[in-house]
2 protein chains.
Amino acid sequence: MATWKNAVPEASAQFDRKREVLIREAAASFNRRGYYGTSLTEIAKKLGVTKAALYTYVPSKEELLYYCHDSAMDTAVEIVEAAQQGGGTGLQKLTRALRSYLEMMLGEDGSYVVLLEEHAMKPAHMKAIIKRRDQFEAALRSFVTDGIADGSIVPCNPKLAIFMVTGALNWSRKWYRPDGNWSGPQIAYALTQMLERSLSSSPSDQMLDDPGLFDPDMDEETLMAAVVEPRTAEGRRRPA
Amino acid sequence: MATWKNAVPEASAQFDRKREVLIREAAASFNRRGYYGTSLTEIAKKLGVTKAALYTYVPSKEELLYYCHDSAMDTAVEIVEAAQQGGGTGLQKLTRALRSYLEMMLGEDGSYVVLLEEHAMKPAHMKAIIKRRDQFEAALRSFVTDGIADGSIVPCNPKLAIFMVTGALNWSRKWYRPDGNWSGPQIAYALTQMLERSLSSSPSDQMLDDPGLFDPDMDEETLMAAVVEPRTAEGRRRPA
DNA sequence: CCTACCGATCGGTAGG
DNA sequence: CCTACCGATCGGTAGG
C-alpha cells in the first residue's frame with residue numbers, strides 16, 4: 001500500500017536526472033557551436049529523442065541556456081567556498097581556487113561551463129547570471145586583497161588581476177585537447193603556477209617547463225627536483 | 001580625354017573601401033551576437049542598405065566571416081613584425097607585442113578582431129585561418145625562447161606561456177568598457193605589466209595598482225614614482 | 001542598389 | 001515521448 005507513496009519521489013528523481021543530462025548536453029553543444037548555431041533538434045538527437053520531448057523538461061530554448069549558466073555558477077561558487085575554507089594566505093586561497101576551477105573545466109563534464117553569449121538570454125535571466133558571476137569574481141578579488149594585506153601578493157589592482165587570471169583560465173577551453181600530450185590536472189598545475197608567479201610577492205625562479213612532468217600523486221619537493229634534474233627526451237607524461 | 005582612364009581606379013578604390021567598411025561592421029556584429037546570431041539583414045541595415053546589396057561585395061555570409069578572420073590576422077602579423085624589428089631582449093619583444101596587440105584590440109576598430117567561431121567556416125577557410133594563427137602564436141613563442149636563451153625570461157614552457165598571455169589579452173574584449181574609468185592604453189599598459197611579471201627572470205616588486213595613473217606621455221620613471229607617492233582619492237584618470 | 005521572392009530551417013505547439 | 005504541423009526568419013537569387 002506504500003507503493004504509491006514511494007513512486008512519487010522516484011519519478012521525480014528520474015525527471016531531475018534527465019533534466020540534468022539535458023542541461024549538460026546542451027551546454028556542451030552551446031560551447032561548441034554557439035547558442036544560435038545549435039538547434040534543439042541536434043540536442044534531442046544526441047539524447048536519442050525528438051525535439052518535442054525536450055519541452056517536457058524545459059519551457060524554452062532560452063530557459064535552457066539560462067539553466068546552463070546557472071549550473072555553471074553553482075559549481076563556481078562551490079569552488080570558491082572550498083578554497084576559502086582551506087585557509088592560508090590570500091595567495092594560497094587564490095591559487096587553490098584557480099587550480100580546482102581549471103581542473104573542473106578541463107575535466108569530464110567541464111564543457112558544461114558556459115561562459116559566452118549571455119546576451120542571448122532575456123534581460124531578467126541575464127541580470128541574474130551576471131549578478132552571480134559578479135559575486136564569484138568578487139570572492140576571487142577578496143583573495144587578492146587578503147593577499148596584499150598579508151604580504152603574500154604584490155600590491156596590484158585586484159580587479160585587473162582577476163580579469164587576467166580568469167581570462168587565462170577560460171581561454172584554456174579553446175586550445176585544450178583531451179587527447180593531447182598533457183592531462184587536465186597537469187595543465188591545471190602548470191598554468192596556475194605561472195599565474196601565481198605574476199601575483200606572488202616572492203615569485204619563484206623555478207618554473208615547471210614541461211607540464212607532462214607533473215604527477216598528481218607527487219609531492220612538491222619531488223616535483224621541483226624533477227624540474228632541474230636531467231630527464232629523458234619525452235619526460236614523464238600522462239601518469240595514471 | 002584622360003577622364004576615362006582615371007575613373008577606373010577611382011571606382012575600384014570606392015569598391016575596396018566599401019568592402020572594408022562592410023567587413024568591419026560584420027566583425028563587430030559577429031563579435032557581439034555571434035555568427036549565427038547575426039543576420040545579413042541586420043548588418044545591411046547598419047550600413048543603410050538592403051541585404052541584397054551586400055552580395056555585390058561578398059559572395060556569401062561564410063566568406064564574409066572568412067574575410068573578417070583574415071583581416072584580423074593581417075593586423076596580428078604586423079604587430080609581431082614591428083615588435084621583432086624593435087629589437088632588445090626576448091622579454092622586451094614579447095612585452096612590446098602584447099601591449100600593442102592589446103592597444104589595437106581596445107582601440108576604435110579593435111572590435112573587428114574576430115577570435116571565435118572558426119567552426120562556422122568551411123574546412124578550407126578554417127584551415128587557412130588556423131595556419132595563419134599558428135604562425136602568429138609561433139612568433140610569440142619564439143620571443144619566449146629568445147628570452148629564456150638571453151636570460152630575460154624564466155625557464156618555462158613557451159606554448160603554455162603564450163596560451164596564458166593570449167587568453168588574458170583576448171578576454172579583455174569581454175569586460176572592457178570604452179566609457180569606463182580606464183582608457184584602452186591604460187589597461188594595455190597595466191595588464192601587460194602583470195603578464196610580463198609572470199615570465200620575467202627578474203620580476204618587479206612594484207606594480208601599477210591603479211591603471212588610471214598611467215599617462216601615455218609619461219616616462220617610466222615619473223610613472224613609477226607616482227605608484228609609491230601618495231595621491232588624491234581618484235588619482236589621475238583618462239589623460240588626453 | 002532595390003523589390004520581391006525561393007527553399008530550408010528554426011523554435012514551439014496540438015493532439016494523441 | 002512521437003508525428004505532424006504552425007508562423008517566422010534565415011541565406012541567397014532573379015530581374016530590373
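In the text below, chain A, chain B and the rest are named by the order of the sequence lines, each starting its count at 1.
Pair assignment for C/dG15: D/dC2, on the basis of Watson-Crick or G-U wobble contacts that are both within less than 3.5 Å.
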Steps toward side chain to side chain donor-acceptor pair (under 3.5 Å) verdict (A/Glu118, A/His69): CA-CA 8 Å; A/Glu118 314 91 323; A/His69 272 106; 5.7 Å; no
Working for ring pair (Phe, Tyr, Trp, His ring centres under 6.0 Å), residues B/Tyr101 and B/Phe136: CA-CA 12 Å; B/Tyr101 181 78; B/Phe136 169 62; 5.7 Å; yes
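OP1 and OP2 of D/dC1 both lie 4.0 Å or more from every side-chain N or O belonging to A/Thr56. OP1 or OP2 of D/dC2 has at least one side-chain nitrogen or oxygen of A/Thr50 nearer than 4.0 Å.
Geometric assessment of B/Lys61 against the ring of B/Tyr55 yields a negative cation-pi assignment under the 6.0 Å and 45° thresholds. For the pair B/Arg19 and B/Tyr67, the cation-pi criterion (under 6.0 Å, within 45° of the ring axis) is fulfilled.
For the pair B/Tyr66/B/Val58, no side-chain contact is recorded, criterion being any heavy-atom separation below 4.5 Å from C-beta on. The side-chain heavy atoms of B/Pro211 and B/Tyr189, taken from C-beta on, include no pair separated by under 4.5 Å.
How far CG of B/Asn31 is from CG of B/Leu116: 7.0 Å, rounded to the nearest 0.5 Å.
Of all the residues in residues 119-126 of chain B, not one reaches under 4.0 Å from DNA chain D with any non-hydrogen atom.
Salt-bridge annotation for A/Glu196 and A/Arg99: absent, with no side-chain N of the basic residue lying under 4.0 Å from a carboxylate O of the acidic one.
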Where protein sits on nucleotides 10-16 of chain D, one letter per nucleotide: B base, S sugar-phosphate only, - none, heavy atoms under 4.0 Å: SBBB---
